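Report on one structure; see the data block that follows.
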Amino acid sequence: MATPPARRPGRARLARAALRLYPPAWRARYGSEVLVLLDDTGGGLAAAMGLAWRAIPAWIWPPRQLHDRDARMRTSLSTVLMTGAMLAGVCLTFAQLTQFQGYETHGFPLVVGSYAIFDAAMVVCALAAAVGGLPLWLVMLRRARREHRTRETAYLVLPLVAPIAWIATVAAVARLLGGPDGVSPGVFLAVTLLGFGAAAASCAGPILAMRRLRPRGPAVQLAVRAAGVATAAIVVAGAASATALTGLSVVALGYDGYLFMLFVPTVAQVVAVFAGYLAVVAALAITAIVSARRGARAAHSR
Amino acid sequence: MTGRLDRWADPPLLVLASLADEPKHGYAITQDVAETMGVTLGAGTLYAVISRLEAQGLIEPLDAVDRRRPYRITAAGAEALAQQASRMSKVASLAQARLRTGLGMAGA
């Protein structure tokens, strides 16, 4: 077997940095071997670029022999939780901007039907998240308290604290700044962004707790299955909102909701906003579907 | 022009061929492939191939020695390599025979 020359550690700094782009499971399995090879061969820019480029398929098609079932399920749950929450937030913002601002969609069955499907799908999504997420949340909370892990307990309480804080803020803002027609578009935008922040914090808490507590077992499997159902529901909601949006764009360009008052006075800008909305919904939905599918495969594998 | 016909130099095939005689670690594979087949495999390419071949059960890792883990071709890997080599050999023989005929006709 060929013997490598004397090692030249440190010359492959860039390539070592590129190695950090790989999935953790891949790095855990091959990382040390790659580092030794880089030391033996000297690394350099070409090696770094090659490594960086090959990191993409390592994420898209993770090697089966590196399959850590529980870790895969936890990662899937984290991704679905965050993308699902963002997708729900985008969809709810859309609903708030179009459905609850008094615009009459009667006479447009496509739009009315889409809204009905959207509402039903959001309810299914919320139920699935509650049924699947609650047992896992309780399992982690019980363990964190039993082991006196203050930080993990704080992470797990975030999904309760963040929404309550946001609702209290909204109530205070509405009381202080609201008029007979509600709040101004600028305040609405600020409150909406704050809502996304609260949703992100609510998701980040359990995600961080999962990373530290590494739960296993039936509660994780149930959560993954529920995440699959919730993802399907939220994707249906996204599709329904997109259909309703398309219907609105065809029949209701004169609609004067907050969105239009704020940013989009021309038809071209309306189309641009609609296209942007569809692109965001599609990107979040695809991410959630891919991750939910990987989690479901892990949950069903032996 | 010949650059367009480099498909024979598929990295998985090169790695399998390199491991056909004895187990080798990453550095030994890159050196062997470079010396015997004239192809330079980068660390990214090599370990992408190793992980794929391992997933397919065509190679298997052995115990690491001094942080270097050797890989060995499996029975399935040897069979796959033999089949591919046989196919390539047929293509090579056919191509050479037809080139000889064609060149002969061109020279006539």
Side-chain angles (χ1 to χ4, degrees), chain A residues 1-9 11-68 72 297 301, chain B residues 6 9-12 14-77 80:
Chain A
M1 204 180 298
T3 311
R7 284 189 199 170
R8 292 158 290 182
R11 283 189 56 190
R13 204 167 296 158
L14 207 57
R16 283 166 183 268
L19 191 57
R20 295 199 190 101
L21 299 173
Y22 282 77
W26 198 99
R27 284 204 310 271
R29 169 63 184 84
Y30 297 108
S32 61
E33 293 176 47
V34 175
L35 287 176
V36 172
L37 181 60
L38 291 172
D39 284 345
D40 290 342
T41 55
L45 184 63
M49 289 177 68
L51 271 172
W53 174 247
R54 294 287 180 176
I56 299 169
W59 279 102
I60 299 174
W61 300 286
R64 269 176 294 169
Q65 77 276 19
L66 304 182
H67 195 73
D68 178 343
R72 178 64 259 171
R297 273 170 56 189
S301 68
Chain B
D6 269 354
D10 267 346
L14 300 182
V15 172
L16 276 181
S18 175
L19 295 175
D21 59 346
E22 60 173 355
K24 293 183 182 73
H25 52 64
Y27 179 78
I29 295 171
T30 57
Q31 291 303 107
D32 182 48
V33 169
E35 285 168 12
T36 59
M37 302 168 224
V39 176
T40 305
L41 292 178
T45 303
L46 176 64
Y47 276 90
V49 169
I50 284 177
S51 69
R52 203 188 326 162
L53 292 176
E54 200 186 335
Q56 292 170 343
L58 302 181
I59 63 170
E60 60 188 3
L62 302 175
D63 289 338
V65 180
D66 189 24
R67 293 174 63 211
R68 292 180 178 80
R69 186 182 298 282
Y71 290 87
R72 176 170 61 196
I73 193 166
T74 62

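All values derive from a computational prediction rather than experimental measurement. By convention in this document, chain letters (A, B, ...) are assigned in the order of the sequence lines, proteins followed by strands, and residues within each chain are numbered from 1.
Taking both residues in full, the closest heavy atoms of B/R67 and A/S32 are given as NH2-O, 4.2 Å, listed atom of the first, atom of the second, then distance. Closest of all the heavy-atom pairs between B/A43 and A/V34 is CB-CG1, 4.3 Å. In this structure, B/A48 and A/R54 approach most closely via the heavy-atom pair CB-CD, 3.9 Å.
For the side chain to side chain donor-acceptor pair (under 3.5 Å) criterion with A/E33, the lone passing option out of B/H25, B/R68, B/R69 is B/R69.
Here OG of B/S51 is found 6.5 Å from CH2 of A/W26. Values are rounded to the nearest 0.5 Å. Here B/I29 contributes atom CD1 and A/L37 contributes atom CG; the two are 9.0 Å apart, rounded to the nearest 0.5 Å. In this structure, CD on B/Q31 lies 9.0 Å from CG on A/D40, to the nearest 0.5 angstrom.
Residue contact with chain B, scored on non-hydrogen atoms closer than 4.5 Å, is absent for A/W53.
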